[in-house]
Amino acid sequence: MANEEDDPVVQEIKPKQQKVELEMAIDTLNPNYCRSKGEQIALNVDGACADETSTYSSKLMDKQTFCSSQTTSNTSRYAAALYRQGELHLTPLHGILQLRPSFSYLDKADAKHREREAANEAGDSSQDEAEDDVKQITVRFSRPESEQARQRRVQSYEFLQKKHAEEPWVHLHYYGLRDSRSEHERQYLLCPGSSGVENTELVKSPSEYLMMLMPPSQEEEKDKPVAPSNVLSMAQLRTLPLADQIKILMKNVKVMPFANLMSLLGPSIDSVAVLRGIQKVAMLVQGNWVVKSDILYPKDSSSPHSGVPAEVLCRGRDFVMWKFTQSRWVVRKEVATVTKLCAEDVKDFLEHMAVVRINKGWEFILPYDGEFIKKHPDVVQRQHMLWTGIQAKLEKVYNLVKETMPKKPDAQSGPAGLVSGDQRIQVAKTKAQQNHALLERELQRRKEQLRVPAVPPGVRIKEEPVSEEDEEQEAEEEPMDTSPSGLHSKLANGLPLGRAAGTDSFNGHPPQGCASTLVARELKAFVEATFQRQFVLTLSELKRLFNLHLASLPPGHTLFSGISDRMLQDTVLAAGCKQILVPFPPQTAASPDEQKVFALWESGDMSDQHRQVLLEIFSKNYRVRRNMIQSRLTQECGEDLSKQEVDKVLKDCCVSYGGMWYLKGTVQS
């Protein structure tokens, strides 16, 4: 390219919807210009014959078009600056356009190439034919265009492109940098009043003036987060209130000693204020602070793995935190069994506050902070009271047996020391003797309650002393009743029959009577609703769905009384389902629960007959091809089923794997 002053530039600006096209001439005599390449481009674009419609009339690429694009939607904070004689003159900008090269000539070259190929093919075909065939031509008259059709045509892309091409170019004169006209226009960038006396209105401070000159963008204010979330900037964090700083740090770190928290907040922060703030968002576990569950799982959120609501997740995580207040080790299977949550949710809980150790379980992630426990006994006592309340709620929700719970749960129990094998044996013997004595006294008390009949009020019974010989004689005359009927008539879960009537379960099964009817009704409603959504389920999958259903129920629900596998299967069969005896291969890896397949036999829709035929096929075959299913359906139903009907039946009951079809839940990949 030659210098801008010597280069004959033709500047043509074409306004079109805030877009500008600028056509600039190229100095073809410049030694840096490749003439052969320019001729080749012109030949590809215009062809060998040049006419008025040619893009390059000189048969040489002698010009380049630049097309503008809008760089930003908000230009109010930008200005053009001119520095002269120690003064900075600013002029606001109302629009900024960026010019980029336009390669529309390449589209023309492609179009010319396609036209030449089409012409060559037409010429070859005409030479092969001896004479042209006479073809019938159909003449059609165009109908009048409606107003709606005209509006669609005007708004079409093809019409806009055509109007864009028809728009005439506006030729402009170019003035060089040192031209008098350019100098005159440049004077508009200077403030006319240059003396400091005339600018008396600038009485604001420099910071206020800069704020007026460059106000913050409204779009950026909307997009700016209220507080940093994933990536924390300490400078931005310290501009927030202390409570927000503590909440953000605990939400991101999950577990932190108090000393580390003070070091992050800075030396100027009062430790008493931090103690007040940390107790609002975290709980004390082994002398360290663990973020509360409701901070991580807000009220309207749910699990990304299982869709369980936040309330259930908070209860499960509180149980994990409480377990760590009792011991440094937690077993994941125990947590999953008690909380009835999926493995992914339980793993998330544990990863927040523990690390896994092979063949041991999950260990609390931080060491016991005894220094904080000794320094702040009032905080420790307050946290102990909170954990006592949480423990009571967990006992009620998860039906935890109090005898197996620690009698004095201490949230700040010290670290476990090294204990020898003999000491462990001695401790175990002592505990066994204590438990044996307690159980003996409890058994004796219950026997006495069973022997004493109900006495009307106001009647006194004379009690006579009984000798040891009389007791032995009674024991010989009255043997222990071990029959099921005898047990049921006297004790229910080790309690007298009168007291057991108010309990929710009987050896893991619902009690007889009203409570049993209510449990059966609730269980049947769950089974019917589940099989209306999924027509085929294995026992393993049904139990998994039932556990998820239990996790979403409120505390104290009747279904928490205990449902056995046999009761669940009987309810499924009573709900109109049938067990499909699928012939699994001998080498199958499916568990016994996965081999028990149940299907809804009648749902009341038009596809019941088709599904029944399909289920009969799978009662004799483990896997089937689609053509066999379709032929059998056609044979049994007496009509040719459409592809959509067959697809619906297969979607309801089967899955496809490796070109074969299996009942849902039975495929072993």
Interatomic distance, Leu548 atom CG to Thr530 atom OG1 [nearest 0.5 angstrom]: 10.5 Å

Interatomic spacing from CE in Met283 to CD1 in Ile295 - rounded to 0.5 Å: 12.0 Å

Closest non-hydrogen atom pair between Cys342 and His305, with its separation: SG-CB, 4.2 Å

Donor-acceptor contact below 3.5 Å, side chain Gln245 vs main chain Leu240: yes

Salt-bridge criterion met for Glu541 and Lys664 (N-O under 4.0 Å): no

Sub-4.5 Å side-chain heavy-atom contact between Ile246 and Leu242: yes

Contacts of Asp294 that satisfy salt bridge (charged side-chain N to carboxylate O under 4.0 Å, His left out) - sequence neighbours left out: none

Whether over 12 other heavy atoms sit under 6.0 Å from Glu371 CD: no

Test log, rule side chain to side chain contact (heavy atoms under 4.5 Å, CB included), inputs Gln595 and Val582: CA-CA 7 Å; Gln595 296 186 30; Val582 179; over 6 Å; no

Taking every non-hydrogen atom, the tightest pair across Asp369 and Gly287: CB-O, 3.4 Å

Close side-chain approach of Val527 to Phe546, heavy-atom, < 4.5 Å: no

Lys578 side chain reached by Leu615 side chain, heavy atoms, under 4.5 Å: no

Trace of the side chain to side chain contact (heavy atoms under 4.5 Å, CB included) decision for Trp289 with Leu261: CA-CA 9 Å; Trp289 291 98; Leu261 179 62; 5.8 Å; no

Qualifying residue, where the test is side-chain contact (heavy atoms from CB on, under 4.5 Å) with Val290 and the options are Arg317, Met250, Lys254: Arg317

Any donor-acceptor N/O pair, Tyr622 side chain to Thr666 backbone, under 3.5 Å: yes

Arg238 CZ to Ser268 OG distance, which is reported to the nearest 0.5 Å: 8.0 Å

Flag for Glu528-Gln532: side-chain donor and acceptor within less than 3.5 Å: no

Full working for side chain to side chain contact (heavy atoms under 4.5 Å, CB included) between Leu545 and Leu537: CA-CA 10 Å; Leu545 296 176; Leu537 286 171; 4.2 Å; yes

Audit row: Arg521, Leu518, side chain to side chain contact (heavy atoms under 4.5 Å, CB included) steps and yes/no: CA-CA 5 Å; Arg521 185 164 59 248; Leu518 182 59; 3.2 Å; yes

Gap separating the CD atom of Gln569 from the NZ atom of Lys543, nearest 0.5 angstrom: 8.5 Å

Nearest heavy atoms of Ile373 and Tyr368, plus distance in Å: CG1-OH, 3.7 Å

Non-hydrogen side-chain atoms of Phe372 and Asn288 separated by less than 4.5 Å: no

If you look only at distance, which donor and acceptor atoms sit under 3.5 Å apart when one is on a side chain in residues 269-280 and the other is two or more places apart or in another chain?
residue, atom, partner, partner atom, Å
Asp270, OD1, Val272, N, 3.3
Gln279, OE1, Arg382, NH1, 3.1
Gln279, NE2, Leu275, O, 3.2

Which residues share a salt bridge (charged side-chain N to carboxylate O under 4.0 Å, His left out) with Lys375, sequence neighbours left out: none

Lys292 atom NZ, neighbour heavy-atom count above 12 within 6.0 Å: yes

Sub-4.5 Å side-chain heavy-atom contact between Phe531 and Leu542: yes

Partner residues of Asp608 under the salt bridge (charged side-chain N to carboxylate O under 4.0 Å, His left out) criterion, sequence neighbours left out: Arg611

Gln286 side chain to Phe324 backbone, donor-acceptor under 3.5 Å: yes

Inter-residue atom distance Cys653.SG - Phe618.CZ, 0.5 Å rounding: 8.5 Å

Side chains of Val255 and Phe364 in contact at under 4.5 Å (non-hydrogen atoms): yes

Where Ala590 and Thr588 come nearest, the two heavy atoms and their spacing: N-OG1, 3.2 Å

Nearest heavy atoms of Val338 and Phe319, plus distance in Å: CG1-CZ, 3.8 Å

Under the side chain to side chain contact (heavy atoms under 4.5 Å, CB included) test, residues paired with Val253 that sit two or more places apart: Met256

Inter-residue atom distance Asn547.CG - Lys340.NZ, 0.5 Å rounding: 6.5 Å

Those residues that, when tested against Phe535, pass ring-ring contact (aromatic ring centres under 6.0 Å, His included) (two or more places apart): none

Exam field: side chain Trp387 to backbone Leu284, donor-acceptor pair closer than 3.5 Å: yes

Heavy-atom side-chain contact between Arg315 and Val312 under 4.5 Å: yes

Ser293 to Met321 - nearest heavy-atom pair and separation: OG-SD, 4.0 Å

Minimum side-chain heavy-atom gap Leu237-Leu249 below 4.5 Å: yes

